[in-house]
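Working notes, beginning with the structure itself.
Keep in mind the model is a prediction, meaning the values are calculated, not measured.
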Amino acid sequence: MNLRDDIAQILLTEEQIATRVKELGQQISRDYEGKDLILVGILKGAAIFLADLVRAIEIPVAYDFVAISSYGADSRSAGVVRIIKDLDESLVSKHVLVVEDIVDTGWTLRLSYLLENLRSRKAASVRVCTLLDKPSRREMGVKIDYTGFLVEDKYVVGYGLDYAGEYRSLPFIGVLKPEVYGGG
Ligand code: 5GP
């Protein structure tokens with residue numbers, strides 16, 4: 001079985017992603033020059049983006065990860081999204097850049113209180129960098145400081161993003177064929 005056979009369309013090629021990640025890395029390097037910077041990736045989706053981004057940053061940088069419980073429609077209204085794997089590092093006086101794969105409705109960042117939580121640990125600053133932004137789907141206001149690409153309202157996979165736990169390893173970002181998720 002070849003994973004690529006399930007892809008209907010490639011939205012962002014490996015080359016387009018690499019070019020943009022390099023630009024983001026250069027911009028972040030300029031903005032955080034002389035500052036104690038730590039990237040905080042949200043597992044699992046942001047792992048691949050973070051791994052490339054950190055190598056495009058030319059100033060000293062640390063990184064760590066958090067995991068957040070996923071939500072269904074019910075947990076959303078109940079506000080039960082939680083941090084299920086916390087940081088190993090102290091954030092005191094550090095400049096934190098949260099790294100996300102995609103901001104869609106905005107609920108993950110809001111409901112997890114992640115940004116408030118990180119700020120309360122005496123971080124010097126907390127900002128957000130997302131590879132993808134789907135602004136047409138936003139339900140909760142989230143301030144994003146760095147965006148890789150704006151994407152239209154399609155469910156995308158690859159470069160860390162999954163469908164039912166699969167397709168994260170694809171090097172590009174694409175859209176699945178409808179028959180893959182039972183859409184006929
Ligand atoms: P939000 O809470 O902003 O609606 O969604 C954020 C999370 O939902 C992302 O971190 C990601 O895990 C998931 N998500 C949202 N849109 C997509 C998509 O198009 N493809 C994939 N694979 N995951 C998505």
Side-chain angles (χ1 to χ4, degrees), residues 11-68 81 83 85-153 156 158-162 168 170-173:
L11 290 185
L12 296 166
T13 65
E14 223 177 319
E15 292 74 23
Q16 285 174 305
I17 296 169
T19 301
R20 186 70 187 120
V21 170
K22 197 142 194 107
E23 287 170 1
L24 286 172
Q26 286 167 351
Q27 193 183 343
I28 291 166
S29 304
R30 284 195 298 273
D31 294 351
Y32 287 91
E33 176 78 56
K35 293 184 172 155
D36 196 357
L37 172 63
I38 180 166
L39 303 192
V40 172
I42 303 183
L43 291 172
K44 299 173 187 169
I48 291 180
F49 175 39
L50 186 143
D52 283 344
L53 183 62
V54 86
R55 285 176 289 178
I57 293 176
E58 294 150 353
I59 59 170
V61 58
Y63 65 87
D64 202 345
F65 290 97
V66 291
I68 292 171
V81 175
I83 296 177
K85 184 239 169 267
D86 207 342
L87 299 171
D88 302 322
E89 310 260 341
S90 156
L91 297 183
V92 175
S93 304
K94 290 184 186 162
H95 291 270
V96 176
L97 188 56
V98 174
V99 179
E100 248 296 33
D101 50 0
I102 183 165
V103 179
D104 186 39
T105 63
W107 278 99
T108 299
L109 287 176
R110 283 301 287 269
L111 267 190
S112 64
Y113 298 105
L114 180 70
L115 304 179
E116 291 83 347
N117 182 310
L118 298 180
R119 280 190 191 104
S120 75
R121 301 182 198 194
K122 300 193 169 66
S125 70
V126 178
R127 299 171 83 193
V128 176
C129 173
T130 186
L131 177 69
L132 306 177
D133 183 9
K134 260 193 224 168
S136 61
R137 296 250 312 158
R138 198 76 87 253
E139 294 174 11
M140 300 297 295
V142 174
K143 183 173 182 298
I144 301 174
D145 301 285
Y146 302 91
T147 302
F149 301 92
L150 297 178
V151 285
E152 48 189 306
D153 184 10
V156 295
Y159 199 71
L161 290 142
D162 76 313
R168 292 191 198 276
L170 287 171
F172 52 79
I173 289 176

Could you check whether [X] pairs with [Y] (Lys NZ or Arg NE/NH1/NH2 to Asp/Glu carboxylate O, under 4.0 Å)?
X: Lys134; Y: Asp104; result: yes
X: Arg168; Y: Asp101; result: no
X: Arg138; Y: Asp133; result: yes
X: Arg20; Y: Glu23; result: yes

Say you draw a straight line from [atom1] of [X] to [atom2] of [Y]; how long is it, rounded to the nearest 0.5 Å?
X: Lys22; Y: Thr19; atom1: NZ; atom2: OG1; answer: 9.5 Å
X: Leu132; Y: Leu11; atom1: CG; atom2: CG; answer: 9.0 Å
X: Lys35; Y: Leu97; atom1: NZ; atom2: CG; answer: 12.0 Å
X: Ile38; Y: Glu89; atom1: CD1; atom2: CD; answer: 4.5 Å
X: Arg119; Y: Ser125; atom1: CZ; atom2: OG; answer: 9.0 Å

Is the closest side-chain heavy-atom distance between [X] and [Y] below 4.5 Å?
X: Tyr159; Y: Val21; value: yes
X: Glu100; Y: Thr108; value: yes
X: Glu14; Y: Ile17; value: no
X: Leu150; Y: Pro135; value: yes
X: Lys44; Y: Asp162; value: no
X: Ile173; Y: Leu131; value: yes
X: Leu115; Y: Lys143; value: no

Under the side-chain contact (heavy atoms from CB on, under 4.5 Å) criterion, do Val126 and Leu91 qualify, and how do the steps go? CA-CA 10 Å; Val126 178; Leu91 297 183; over 6 Å; no
Could you walk me through whether Leu39 and Ile57 pass side-chain contact (heavy atoms from CB on, under 4.5 Å), step by step? CA-CA 11 Å; Leu39 303 192; Ile57 293 176; 3.9 Å; yes
Is a side-chain N or O of Thr147 found less than 3.5 angstrom from the main chain of Phe149, in a donor-acceptor match?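 Side chain of Thr147 to backbone of Phe149: no pair is present.
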Do the side chain of Asp64 and the main chain of Asp88 share a donor and acceptor less than 3.5 angstrom apart?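 Yes, Asp64 side chain to Asp88 backbone: donor-acceptor pair under 3.5 Å.
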For a quick test of reading the model, state the closest non-hydrogen atom pair linking [X] to [Y] and the distance between them.
X: Val103; Y: Thr130; answer: N-OG1, 3.5 Å
X: Ser29; Y: Gly25; answer: OG-O, 2.6 Å
X: Ser93; Y: Ala124; answer: O-CB, 3.6 Å
X: Ser136; Y: Asp153; answer: OG-CB, 3.7 Å

Determine, stepwise, if the pair Leu12 / Val156 fulfils side-chain contact (heavy atoms from CB on, under 4.5 Å). CA-CA 10 Å; Leu12 296 166; Val156 295; over 6 Å; no
For the pair Tyr146 and Tyr32, name the ring-plane relationship: parallel under 30°, tilted 30 to 60°, perpendicular over 60°.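 Tyr146 vs Tyr32 ring planes: tilted.
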Within 6.0 Å of CZ in Phe65, more than 12 heavy atoms from elsewhere: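 Yes, because the 6.0 Å sphere around CZ of Phe65 holds more than 12 heavy atoms from other groups.
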Greater than 12 external heavy atoms within 6.0 Å of Lys122's NZ: no
Pair Ile28, Leu37 - check side-chain contact (heavy atoms from CB on, under 4.5 Å), show working. CA-CA 10 Å; Ile28 291 166; Leu37 172 63; 3.9 Å; yes
